Amino acid sequence: MERYWNKEIECMSREDMKKLQDERLVAQVKHVYENVKYYRDLMDKKGVTPDDIKSTDDLHKLPFLTKADLRDAYPYGLLAKPLSECVRIQSTSGTTGRRVVAFYTQHDIDLWEDCCARAITAAGGTKDDVCQVCYGYGLFTGGPGLNGGSHKVGCLTLPMSSGNTERQIQFMRDLGSTILCCTPSYAAYIGETLHDMGYTTDDIKLKAGIFGAEPWTEEMRHQIEDLLGIKAYDIYGLTETSGPGVSFECSEQTGMHINEDHFIAEIIDPDTGEVLPEGSVGELVFTSLTKEAFPLLRYRTRDICVLSRKKCSCGRTLIKMSKPKGRSDDMLIIRGVNVFPSQIETVLIEQGYSSNYRIEVDRKNNTDTLDIYVEMNDNHFSDVVMEIQKSEEKLASAIKIMLGINPKVHLVSPKSITRSEGKAVRVIDKRKLHD
Ligand code: ADP
Ligand code: ZN
C-alpha cells in the first residue's frame, strides 16, 4: 500500500494545486520585490512590477536568476530576511568549482525537512525504520536534509556521514538499518565492500535506499539494488532551492514527483530562454514559493530533464521530472559531438562492467581525444593481453554506437579506480588545462 506523508498535498487536484501556487506566487513576488534589491533591479530592468504577477500564468514575465547572479550577490545580496531571523547556512559542494551560500529561517528548515519526510515515506519509511544517513554532514545539504526528514518521520536515525565504509557496514548490521541514504556512487561502494567483507544481502536488513545528489543511470540502479538487496529510490535537489527533497521517487520509479506546493518547475530552451511545452527536453528552472530567507524566483538549475503530468500509479498528482541527464555544463563536446557521461555509464553497465570508470578528454594535434578507463571485474578479469584487447575493442565499438565517436578504452585491474564517498568525480577534461 502506498504511503504518503501529506496526502492532501501530494494527491491534490490540479485545479486546487494551481490555486495554491497562484496565491503563493503573488505573495512571494511581493516579498522578494520589497526585500531583495538585487532582484528588484532585475525586475525594474525588465519593466515588471509585482502587480503584473496575478497568477502562475504570469510567471514567464519574471526575469531569470542564474548561478552567475548568485556569485555576484554573494554572500548577502539575495537575502530576503534580516540575518537575525536566519538560523542556518548551507553551501554547495562546489562540484562545478563555484560555491553558493544559502540561508534558512526556522520556517525554511521545517519545510525542507518536510519535503525530505515525503521522500522517506514514499520509499516506505515509517517510525519503525532505522535510517542510516551517509550523505556528508556539514555545509553540504545531503546529510542535514535527510537527517531532518528522518527525524520528522520518526525513524531511528543514524547520522553516520560519509566515509569509513567498513564501520558503516558494521553499524548497518549491528543496528539493523532498513533505509540507506547516500549518493548512488557511495551506495555502490558500500555494496561492493559488503560483499568483499564476506557478507551477503542476507546479513543485512536494508529494504530501501534514497540516493541522489549526482546523476545515475537506470542500469546503475539495478546494480545497486542487486548488491544491497533493496529497492533504490532517486531524490533530487540543490542547495539553491534548500537541498534534497525538491523532488522524490515513488514506488513506480519512473521519475521524481516535484513538491509543487513549494516549487514551480519550468523547462526552458537553454539557448533562448523560451518556455517549452510539457514533454520537451530542456533546462529545469525553479521558483520557490514558500522559502523566506533565500527565495529564488526562476532559478536556472542547468540540469537537463523532461517534465511529465502523466497519471502516476502511486496516486500522487505532483508533476514528475525525469532523471536529470546531467548538468548542461557536464556535457562534453568532443569532436563536435555532445556527450553526457551518463551515456557512457549506460553502455558500460549493459556490457557487464561496474560503475567504476574514469573519462579523460584531451586535445592532441588539434583533435579531441576520449579515453575511458574501466575496471575489469571478476567476470572479465584476464591477464592474457590478447583477450583484454579484444574486450577493449568490443566495449569501444559499443560506445561508438551510442555516441557516434570512437573512444579509446583501457581496461584496468579491479579496485584500481578511486571509490567515491560523496559525489563521484568521473570526468577529467584536460583541454581546460591547456586553454
Ligand atoms: P554542487 O553544484 O556543488 O554539486 P549541490 O550539492 O547543491 O551543489 O548539487 C546540486 C546538483 O546536484 C543539482 O543541480 C544536480 O545537478 C545534481 N543532482 C542532485 N540530485 C540529483 C539526482 N537525483 N540526479 C542527478 N543529479 C542530481
Ligand atoms: Zn508516483
Side-chain angles (χ1 to χ4, degrees), residues 2-4 7 10-11 66-67 70-71 89-102 112 115-116 118-119 121-123 135-136 138-146 181-185 187 209-218 220-221 224 232-260 263 265 283-286 294 296 299-305 308-331 340-342 345 420 422-426:
E2 192 74 31
R3 289 203 184 87
Y4 311 101
K7 188 167 184 203
E10 292 173 55
C11 302
T66 64
K67 205 136 188 163
L70 266 59
R71 265 200 320 263
I89 69 151
Q90 304 281 170
S91 173
T92 59
S93 47
T95 311
T96 48
R98 296 166 285 236
R99 278 200 177 269
V100 166
V101 176
W112 173 27
C115 287
C116 289
R118 290 182 195 174
T121 309
Y135 284 109
L139 284 172
F140 176 50
T141 53
L146 269 309
C181 305
C182 60
T183 59
S185 52
I210 303 175
F211 306 131
E214 63 182 3
W216 53 311
T217 55
E218 262 330 296
M220 188 159 170
R221 186 207 304 268
I224 296 172
Y233 296 84
D234 204 350
I235 184 167
Y236 168 91
L238 54 164
T239 313
E240 295 89 320
T241 57
S242 286
V246 169
S247 64
F248 60 94
E249 231 172 22
C250 62
S251 53
E252 197 179 278
Q253 293 185 310
T254 53
M256 295 176 271
H257 289 286
I258 296 174
N259 284 311
E260 287 184 281
F263 304 100
E283 179 180 348
L284 187 58
V285 173
F286 280 114
F294 200 67
L296 303 187
Y299 179 66
R300 294 183 58 161
T301 63
R302 298 176 304 166
D303 290 323
I304 303 291
C305 73
S308 162
R309 285 217 177 271
K310 230 169 95 199
K311 196 167 187 285
C312 190
S313 59
C314 76
R316 287 179 185 81
T317 48
L318 301 170
I319 197 168
K320 286 205 284 198
M321 59 181 270
S322 65
K323 266 182 175 307
K325 275 215 265 194
R327 310 182 202 208
S328 50
D329 43 6
D330 278 346
M331 190 184 78
F340 278 99
S342 57
E345 180 176 301
S420 151
K423 297 196 189 214
V425 180
R426 294 196 173 103

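Residues take their numbers from the sequence shown, with the count starting at 1. Keep in mind that this is a model prediction, so the values were computed, not measured. Counting starts at 1 for both ligands and their atoms, in listed order.
- Heavy-atom proximity to Gly212, at under 4.0 Å, picks out these atoms of ligand 1: 23 (N).
- Considering backbone and side-chain N/O of Glu214, one or more are found under 3.5 Å from N/O of ligand 1.
- Assignment of Arg302 to the shell around ligand 1 is not supported, since no heavy atom sits closer than 4.0 Å.
- Note on ring orientation: taking the six-membered ring where Trp is involved, the planes of Phe263 and Phe286 are perpendicular (angle over 60°, cut-offs 30° and 60°).
- Under a 4.0 Å criterion applied to the non-hydrogen atoms of Asp234, ligand 1 contributes the atoms 22 (C), 23 (N).
- Rounded to 10°, the angle formed at the Zn ion (ligand 2) by SG of Cys314 and SG of Cys250 is 110°.
- Contact record, Glu345 with Thr217: OE2-OG1, 2.6 Å, taken as the closest heavy-atom pair.
- Residue contacts with ligand 1 include Lys67, since one or more of its heavy atoms lies under 4.0 Å from the ligand.
- Neither the backbone nor the side chain of Thr141 comes within 4.0 Å of ligand 1, counting heavy atoms alone.
- A side-chain donor-acceptor contact under 3.5 Å links Glu252 to the backbone of Ser313.
- Side-chain contact annotation: Gln90 with Thr141, donor-acceptor N/O pair under 3.5 Å absent.
- Here atom 10 (C) of ligand 1 lies nearest to Leu238 when heavy atoms of Ile304, Leu238, Asp303 are compared.
- Counting atoms of ligand 1 from 1 in the listed order, those under 4.0 Å from a heavy atom of Phe140 are 6 (O).
- Counting the atoms of ligand 1 from 1 in the order shown, those under 4.0 Å from a heavy atom of Thr239 are 5 (P), 6 (O), 7 (O).
- Annotation for Tyr135 and Cys182: closest pair OH-O, 3.0 Å, computed over non-hydrogen atoms.
- Residue Thr301 has no nitrogen or oxygen atom sitting less than 3.5 Å from a nitrogen or oxygen atom of ligand 1, judged on distance alone.
- Counting all heavy atoms, side chain and backbone alike, Pro324 lies closest to Cys305 at CA-CB, 4.0 Å.
- Judged by distance alone, the side chain of Lys423 and the main-chain N or O of Ala213 form a donor-acceptor pair under 3.5 Å.
- Across all non-hydrogen atoms, the minimal contact from Tyr4 to Gly315 is OH-CA, 3.8 Å.
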